[in-house]
Structure formats: structure tokens, C-alpha cells
2 protein chains.
Amino acid sequence: METNERQQLYAFDEQRYIPQLSIDCVVFGFHEQQLKVLLVNMHQTPYWALPGGFIQQNEDVDDAAARILFQRTGAHDIYLEQFYAFGKVNRNFTDVHRQIMAQIGLKAGEDHWIFRRFVSLGYYALVHFPEVDISSGMLKEPCAWFDVHQVPALIFDHNEIVQKALETLQRSLDEKLVGFKLLPETFTMGELQSLYETILGVRLLRTNFQRKILSMQILERTEKRFSGGAHKAPYLYRFIPKLNQI
Amino acid sequence: METNERQQLYAFDEQRYIPQLSIDCVVFGFHEQQLKVLLVNMHQTPYWALPGGFIQQNEDVDDAAARILFQRTGAHDIYLEQFYAFGKVNRNFTDVHRQIMAQIGLKAGEDHWIFRRFVSLGYYALVHFPEVDISSGMLKEPCAWFDVHQVPALIFDHNEIVQKALETLQRSLDEKLVGFKLLPETFTMGELQSLYETILGVRLLRTNFQRKILSMQILERTEKRFSGGAHKAPYLYRFIPKLNQI
DNA sequence: GTTTTATTGTATCATTATGGTACAATAGTA
DNA sequence: TACTATTGTACCATAATGATACAATAAAAC
């Protein structure tokens with residue numbers, strides 16, 4: 001976010017938004033055997049934060065989350081799932097915002113809306129890593145991907161939000177079969193297993209993982225992939241959900 | 001709630017609360033083989049609603065939910081779990097509130113805070129049915145228990161909230177072993193099975209259910225219960241969670 | 001007091017799911 | 001042509017689950 005954007009944020013028409021309510025998004029991507037989280041560097045500070053925003057009076061909360069993500073990533077149709085509302089009474093962020101305001105030459109009274117206590121709705125998002133261009137968003141504040149197990153100290157309670165998002169994702173992996181939303185259209189069984197191992201934080205036995213996934217009858221086998229290694233070529237699979245699933 | 005209480009609600013100091021954010025509680029109890037939900041009859045109308053309220057500026061959201069429940073039931077230390085935030089843009093309830101205001105002789109301008117769009121945080125609560133006296137709360141609006149499968153048409157989107165609470169409870173039964181929070185200190189295996197069957201909406205095989213629950217090593221067997229039936233007396237069990245659980 | 005009845009606790013079998021090993025198939029490399 | 005690393009699948013051992021059988025017993029019927 002450029003200074004100008006920050007100024008607009010602090011000056012924005014608070015009538016247009018629901019006060020004291022925010023959205024924070026934990027965007028997951030899968031790249032090089034790692035589960036990544038998208039973080040935003042707050043204007044000219046060493047602080048990293050989750051991408052977030054506010055809810056317009058005339059939009060659904062779910063739509064607000066989608067809009068916020070679009071503004072950051074330029075991507076539509078991102079898979080989004082609300083997972084928790086964070087509502088501790090001390091969720092006000094006066095110090096950080098005062099510091100940023102000072103940097104961009106803004107003076108704000110004690111009663112500025114941003115100094116109030118905020119309840120934040122946590123969403124997690126699953127994206128196809130290569131399809132997201134983090135520089136293509138409307139907002140110019142620098143973004144970066146971090147390994148979910150190497151997330152730096154974040155502002156506010158954002159580390160806690162990441163943790164809870166990860167736990168929810170782990171539970172959802174088998175329940176909702178959301179893992180495929182982190183992979184491209186076609187993928188090998190090894191890539192899928194690597195994804196599961198990374199998210200769950202455990203090693204799985206290759207043969208049994210393959211048997212279990214195939215027995216679910218949710219994968220269509222396409223052609224073989226001839227590429228690279230000095231070994232048998234793996235098949236490529238495509239996710240075909242059963243009718244009673246999403 | 002008496003007319004006086006309703007008047008206080010509409011007149012209350014909105015500065016003291018977070019605007020446009022509410023809490024709705026789905027209170028579950030287990031009685032006579034049925035899963036019951038606590039509903040509130042809205043002041044002199046045929047409308048039933050979930051017990052709910054608002055969040056004070058100086059309290060955690062979780063504490064607000066506990067306070068709201070205490071005001072209704074007079075009970076402390078109720079098991080509470082937040083499960084979803086409902087945030088459709090059309091969640092404003094002008095019609096019903098106008099009707100109630102008319103009944104109690106209140107006139108309110110178009111800009112009254114209650115007419116705004118609200119985001120509501122859904123909590124489900126698990127209580128020991130016989131220990132809750134629904135007439136003992138501070139609020140006098142009439143409450144009643146309804147079979148969760150016979151809930152009447154509720155105001156706003158409250159039927160949807162009940163449905164989502166039930167689904168969350170079903171998933172939590174095995175995951176968090178919360179079922180015991182609906183039973184008294186000691187109970188028979190039959191009562192526990194009946195609870196599971198009612199919540200999950202399926203019939204379970206008695207012998208296998210018993211084997212599964214006992215193998216979890218979370219029950220302590222106490223004395224036998226001699227009471228009633230012309231048959232062998234069942235043992236009474238007490239829930240003893242393992243250390244790595246809550 | 002004896003028999004009957006309904007329910008409880010447990011044992012046992014069959015079936016399915018899961019953990020773990022073995023091995024043939026094969027695309028590329030030496 | 002032999003070798004290597006990985007893949008797909010078969011196979012066995014163990015654990016979990018589905019289903020049936022049966023002895024034990026508190027109260028009611030007689």
C-alpha cells in the first residue's frame with residue numbers, strides 16, 4: 001500500500017462500513033512442498049500482517065471477504081471459508097496505527113475509528129499458487145509468501161489467527177476434501193501425498209495413502225507424465241467430486 | 001421480557017455496545033429422549049426467537065455470550081462454543097421491531113440503531129436440562145423448550161442458525177466428546193446411547209456402542225442403579241476425561 | 001417360591017479399514 | 001544392455017467396526 005492508500009484508509013468514509021468489525025484472511029498456497037501463507041508488510045514498518053479489511057454496509061460478509069482478497073491478489077473465485085470470530089476485548093491496535101500515522105504525517109484524535117476495539121472474522125482461503133500474482137492486486141503494499149511453519153511475529157493476534165486457520169484446514173482436509181483446491185487441475189499421486197503430509201504435519205505410507213485416496217472414487221486418471229526422473233512415469237489425476245459433495 | 005424491559009432495550013445506551021453486532025445462542029438440553037432447544041417468545045407477539053443480545057465495549061465476545069445466557073437462565077458456567085458468524089446483508093429486522101414498538105407505545109425514527117443491518121455471532125450451549133430453570137432468569141420474556149426437530153418458524157434467519165448449530169454439534173460429538181455436558185453427573189449406558197442417537201439422528205447397535213465408548217477409557221463405572229424396570233439393573237457411569245482432553 | 005420377561009454386560013464371529021512389506025513395471029541413465 | 005529410482009499393485013497382519021449369541025438379573029406374574 002502506498003502512502004496515499006494508507007491515508008485513504010484512515011480517512012475513509014466510516015459510514016460506509018460496519019464499525020468495529022473487520023475481516024482477516026489466511027490465504028494458503030502450496031509451493032515446493034511447503035504450505036505457504038500470504039502476508040502483507042504494513043506501510044514502511046517491520047510489521048507483517050494478514051490481509052484484511054472491512055465490511056461495507058451493503059454487502060454480505062462473505063462477499064466482503066472475497067472483495068478484500070480480490071483487491072490483494074487480483075483473483076476472483078477464490079475458495080473461502082469462514083472459520084472463527086476473534087473477539088477479545090483488547091483487540092484494539094492503537095500503537096501500530098499511531099506509528100504508521102506518524103510516518104505518513106497524519107494526526108488523529110483520540111476518537112478516530114481505527115483506535116476502537118475490533119471484532120475480526122477469520123476466513124481461510126485456498127489458492128492455486130502459480131495462478132496468484134501477488135503484485136497484481138489493486139493495493140500496492142508489499143505482499144509475500146511465508147512457510148506456514150516459519151511465520152514471523154505478526155501484529156495483533158494474527159499469529160493466533162493463522163494457527164486456528166491451520167487447525168481448521170487440517171480438520172477439513174478429509175471432511176470436505178478441500179486439498180485439491182491447492183493443486184492444479186492435474187497432479188500426481190506423489191504431489192497429493194506431499195500436500196497432505198505438509199498440511200497434517202505427519203509422514204504417510206505411500207502405498208496406503210494411494211489405496212485410500214483411490215478407494216474414495218473421486219479421482220479420474222488421465223495420461224502419464226513423462227518428465228524428469230530416471231524411473232517409471234507417474235499417472236496424472238484429476239479431481240472429480242462425487243455428486244453428494246461440493 | 002416485560003414491556004418495561006423491552007422499552008429499556010430499545011432505549012439502551014448504544015454507546016455501551018458494539019453497534020451492528022449481536023450474539024445468538026442455541027441452547028441445547030436433553031430431556032425425555034429428545035434434544036431440546038431453548039426459545040424465547042418475543043414480547044406479546046406470536047414470534048419465537050433464539051435468546052440473544054449484544055456485546056459491551058468492555059467485554060470479550062465469549063463473555064458476552066455467557067452473560068446473555070446467564071440473564072436468561074440464571075445459570076453460570078454453561079458450556080459455550082462459538083460456531084459461525086451470520087452476515088448476510090439483509091439481516092435487518094425492521095418489521096418485527098416496528099411491530100413490537102407499536103405494541104409498547106414507542107415511536108422510533110428511521111435511524112434507530114435496531115433497524116440497522118446486524119452481523120450475528122452464533123454460539124451453541126450445552127446445559128443439564130433439569131438444572132436450568134427457565135423462569136429464573138433476570139429477563140421475564142417467556143421461554144420454552146422445543147424438540148430440535150419440531151422447532152416452529154422463527155424470526156429472521158434463526159431457523160438457519162439452529163440448523164447450523166445442530167450440524168456443528170453432530171461433528172463435535174466424537175471430536176470433542178461434548179455429549180456428556182448434556183447429561184447429569186452419572187448416567188447409564190442406555191441414556192448415553194439414546195443421547196447419541198437423538199443428536200446424530202441414527203440408530204446405533206447397543207453392543208457395539210457400548211464397546212466403543214468403554215474402549216475410549218473415559219468412563220468410570222460406579223454402583224448399579226436399582227430402579228424401575230423388570231430386568232437387570234444397569235451400572236451408572238461417570239465421565240472422567242483423559243488428561244489430554246478438556 | 002418359582003417362572004417369566006425385559007434389559008444389561010460380555011463374548012464371539014464376520015467384515016471392513018488400516019499399517020506394513022514385497023515385488024513387478026518402467027523411464028531414464030550409465 | 002544393465003542399472004536406478006520411483007510407481008502401481010498385490011499381499012499379509014493387525015485394528016476397527018458390524019452383527020449375532022448368550023448368560024446374568026431385577027422385577028413382575030403366577
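Chain naming here is simple, since letters A, B, ... match the order of the sequence lines and numbering starts at 1 in each.
Applying the 3.5 Å distance criterion, the base of C:dT10 shares no donor-acceptor pair with the side chain of B:Thr207. Between the side chain of A:Arg221 and the base of D:dG8, no donor-acceptor pair of N or O atoms lies under 3.5 Å. Between the side chain of A:Lys232 and the base of C:dT26, no donor-acceptor pair under 3.5 Å is found. Side-chain atoms of B:Thr188 and base atoms of C:dT8 include no donor and acceptor less than 3.5 Å apart. Below the 3.5 angstrom threshold, one finds no donor paired with an acceptor across the side chain of A:Arg211 and the base of D:dG8.
Spacing between atom CG of A:Leu236 and atom P of D:dT6 amounts to 17 Å, rounded to whole angstrom units. Between A:Met189 atom CE and D:dG8 atom P the separation is 7 Å, expressed in whole Å. If you measure from atom CD of B:Gln217 to atom P of D:dA16, you get 12 Å, rounded to the nearest angstrom. Rounded to an integer number of Å, the gap from B:Gln210 CD to D:dA21 C1' is 15 Å. Going from atom NZ of B:Lys212 over to atom P of D:dA16 covers 11 Å, rounded to whole Å. Taking atom CG of B:Leu192 as the reference point, atom P of C:dT8 lies 13 Å away to the nearest angstrom. Look at CE on B:Met216: it is 11 Å from P on D:dA16, rounded to the nearest Å. If you take CZ of B:Arg206 and C1' of C:dT10, they are 9 Å apart, rounded to a whole angstrom.
For the residue pair B:Ser120/B:Ser22, the side-chain donor-acceptor check at 3.5 Å is satisfied.
Residues B:Ile161 and B:Phe83 are in side-chain contact: their nearest non-hydrogen atoms beyond the backbone lie under 4.5 Å apart.
Closest to the side chain of B:Asn208, from the set C:dT8, C:dG19, D:dG18, is D:dG18.
A 6.0 Å sphere centred on CG of A:Asp77 holds no more than 12 heavy atoms belonging to other residues, nucleotides or ligands.
Atom-to-atom distance recorded for B:Leu200:CG and B:Asp174:CG is 7.0 Å, nearest 0.5 angstrom.
Of the residues near DNA chain D, A:Leu214 and B:Leu205, the one whose nearest nucleotide (by heavy atom distance) lies more toward the 5' end is A:Leu214.
Close to C:dG20, at under 4.0 Å from its OP1 or OP2, lies no side-chain N or O of A:Arg203.
The existence of a salt bridge linking B:Lys88 and B:Asp157 is excluded, since no basic side-chain nitrogen approaches an acidic carboxylate oxygen closer than 4.0 Å.
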